[in-house]
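Remarks on the structure that follows.
Positions are given from 1, in the same order as the sequence printed here.
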Amino acid sequence: MMQKKLLLLTVSIILNLVFTIHILYYSSTTWNPTWTNRAAAEAETAASFSCSGHGRAFVDGLGVLDGQKPPCECNSCYIGKDCSVLLKDCPVDANSGDPLFLEPFWMRQAERSAVLVSGWHRMSYIYEDGTYVSRELEKVIRKLHSVVGNAVTDNRFVIFGSGTTQLLAAAVHALSLTNSSVSSPARLLTSIPYYAMYKDQAEFFDSAHLKFEGDASAWKQSGRNDNITQVIEVVTSPNNPDGKLKRAVLDGPNVKTLHDYAYYWPHFSPITHPVDEDLSLFSLSKTTGHAGSRFGWGLVKDKAIYEKMDRFIRLTSMGVSKETQLHVLQLLKVVVGDGGNEIFNFGYGTVKKRWETLNKIFSMSTRFSLQTIKPEYCNYFKKVREFTPSYAWVKCERPEDTNCYEIFRAAKITGRNGNVFGSEERFVRLSLIRSQDDFDQLIAMLKKLVYHEEDVPSENFMYI
């Protein structure tokens, strides 16, 4: 009897050990070395579709959830299953600032720029230090400005936002609260022509602390700058839409200045000096071309302003997506890896060629003119170079052409009306940073428009 009990006890112990080992083994973190295979295969499949060079296939394309292969998404004016059919006389979209001119660069950097995100990647709201900010990404951003030489980052707080759009709202909000003793709202001013978002945001949010007032020079000349009314001046440099370097118009103890340096990169402008301002905003969109990632950052000197901006970001979005920050980190590691040499030479070379083509066409026209900017020495490229702005700021010169936007729209070119920028309707903005297909279509339509001027001989277009 005793032996039977001992046997049952031994069996029980052995079974408990087996079950315990089984539970511990299968509940532990055991890694399958091939867990990335499916995701990698999907990405490789999407990338393998050339779409005739006139479109792209994406992992999240329509139908992939039903097991279908990702379809080609065609560039403007191209159709067909493989984007091989070009529509004749297709209207051109030169309105959007989509920076797709950098897409070929990133396709060449496919391996270096790729990121594979696990299903459990940073599921928490916060990072280990209790913030919403990747410190590794902050370090890379500081290094980026150092290698380019376009901004001082010492003694600055770095703040992240969902694009410069959110950071602009956060900055204006913070600056408008800096003098609570003033009963009247702060006045938001900028220089004509200006980026319309400044006005649109101020009017949309309709804050009791802020009122959009318009042109800074007009405000100064009117004598209304009384050193009492709180003023916020937004300085965009290089400027959108005309690409010119700008400086603040207003000064005084009542003036706070916000600098938008989204376009201050070697693609578009000579880097004349490292900017050293109290509050500066930058955008990934115009740095690497990744507009869809919705990421921007600010360099803020004053701690109180930084904290107000940080609170705005936390209350409106609780920080920037962790997946976005991981993606941006990898992209900027590629950029700084060679000091920016590859991307900035590619970007500058691409936009420079587009400006050369554009200038040849408009040089034959007496009806239209382009903005002109004197070349300056670039500390990054170590030479005197031309400005290569993102946009052509076109003026219709004929007295009867009072609405330049409509003149171009009739020629099947959709730009952006000058009045959107607080300027005259004699101006229209044309985007030069979209895909190569978009640019080629723009040039084709511009040739037709200029060719129909009475004094332009057709043979002038043979070599453009």
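In the model, His54 has no side-chain atom that pairs as donor or acceptor with a side-chain atom of Asn75 under 3.5 Å. A donor and an acceptor atom, one from each side chain of Thr131 and Asp129, are located under 3.5 Å apart. Side-chain contact, Asp440 with Gln436: a donor N or O sits under 3.5 Å from an acceptor N or O. No side-chain donor from either of Tyr380 and Tyr348 sits under 3.5 Å from a side-chain acceptor of the other. Using modelled atom types, one finds a donor on one side chain and an acceptor on the other under 3.5 Å when comparing Gln166 with Ser317.
Residue pairs that meet the salt bridge (charged side-chain N to carboxylate O under 4.0 Å, His left out) test with at least one member in residues 315-333, sequence neighbours left out, do not exist here. Screening residues 264-356 for disulfide (SG to SG under 2.5 Å) gives no qualifying pairs among residues at least two apart or on separate chains. Pairs engaging residues 260-269 under the salt bridge (charged side-chain N to carboxylate O under 4.0 Å, His left out) rule: none recorded [sequence neighbours left out]. Sorted by first and then second residue, the salt bridge (charged side-chain N to carboxylate O under 4.0 Å, His left out) pairs with a member in residues 95-116 read Arg56-Glu103, Arg112-Glu342; sequence neighbours excluded. The salt bridge (charged side-chain N to carboxylate O under 4.0 Å, His left out) analysis of residues 36-49, with sequence neighbours excluded, yields the pairs Arg38-Glu42.
Salt bridge status for Arg135 with Glu138: present, with a side-chain N to carboxylate O gap under 4.0 Å.
Proximity of a side-chain donor or acceptor of Asn419 to a complementary backbone N or O of Gly422 within less than 3.5 Å is not detected. Arg429 places a side-chain N or O within donor-acceptor distance of the main-chain N or O of Asn95, the cut-off being under 3.5 Å. Proximity of a side-chain donor or acceptor of Ser113 to a complementary backbone N or O of Leu331 within less than 3.5 Å is not detected. Panel note: side chain Ser280, backbone Leu299; no donor-acceptor pair is recorded below 3.5 Å. Between the side chain of Lys286 and the main chain of Pro99, no donor-acceptor pair closer than 3.5 Å is present. A donor-acceptor contact shorter than 3.5 Å links the side chain of Asn239 to the backbone of Pro193. When atom types are taken as modelled, the side chain of Thr34 and the backbone of Asn37 share no donor-acceptor pair closer than 3.5 angstrom. For the pair Ser50 (side chain) and Gly53 (backbone), a donor-acceptor distance under 3.5 Å is absent.
With Phe421 as the partner, the ring pair (Phe, Tyr, Trp, His ring centres under 6.0 Å) test is satisfied by one option alone out of Trp393, Phe427, Tyr195: Trp393. Among the candidates Lys353, Arg354, Lys352, the single residue satisfying the side-chain hydrogen bond (donor to acceptor under 3.5 Å, both in side chains) test with Glu356 is Lys352. When the options Leu175, Val255, Leu188 are evaluated for a side-chain contact (heavy atoms from CB on, under 4.5 Å) with Val231, the one that passes is Val255.
Here His290 and His327 bring their ring centres to under 6.0 angstrom of each other.
Across Asp215 and Leu189, no two heavy atoms sit closer than the pair O-CD2, 3.6 Å. The nearest pair of heavy atoms linking Gly61 to Glu73 is CA-OE2, 4.1 Å.
By the ring pair (Phe, Tyr, Trp, His ring centres under 6.0 Å) test, Tyr405 is found to be paired with no residue, residues two or more places apart in sequence or in another chain being considered. Take Cys77 and apply the disulfide (SG to SG under 2.5 Å) test, not counting sequence neighbours, and it matches Cys90. Under the ring pair (Phe, Tyr, Trp, His ring centres under 6.0 Å) criterion, Phe160 pairs with Phe295, sequence neighbours left out. Remark: Ser217 engages no residue in a side-chain hydrogen bond (donor to acceptor under 3.5 Å, both in side chains) (not counting sequence neighbours). By the ring pair (Phe, Tyr, Trp, His ring centres under 6.0 Å) test, Phe212 is found to be paired with Tyr194, residues two or more places apart in sequence or in another chain being considered. The ring pair (Phe, Tyr, Trp, His ring centres under 6.0 Å) check on Trp355 picks up nothing, with sequence neighbours excluded.
The environment of Lys199 atom NZ is sparse: at most 12 non-hydrogen atoms of other residues, nucleotides or ligands sit within 6.0 angstrom. Surrounding NZ of Lys211 are at most 12 heavy atoms belonging to other residues, nucleotides or ligands under 6.0 Å away. Shown here is Phe381, whose CZ atom has more than 12 heavy atoms of other residues, nucleotides or ligands within 6.0 Å.
In this structure the side chain of Phe282 never reaches within 4.5 angstrom of the side chain of Ile141, judged on heavy atoms. Residues Thr257 and Val235 meet the side-chain proximity criterion, which asks for heavy atoms closer than 4.5 Å.
Cys72 pairs with Cys51 as a disulfide, the SG atoms being under 2.5 Å apart.
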Without placing hydrogens or testing angles, list every side-chain donor-acceptor pair under 3.5 Å for residues 267-279, not counting sequence neighbours.
| unit_1 | atom_1 | unit_2 | atom_2 | d |
| --- | --- | --- | --- | --- |
| His267 | NE2 | Thr287 | O | 2.9 |
| Thr272 | OG1 | Tyr264 | OH | 3.4 |
| Asp276 | OD1 | Arg156 | NH2 | 2.2 |

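Separating the CH2 atom in Trp265 from the OG1 atom in Thr288 is a distance of 9.5 Å, to the nearest 0.5 Å.
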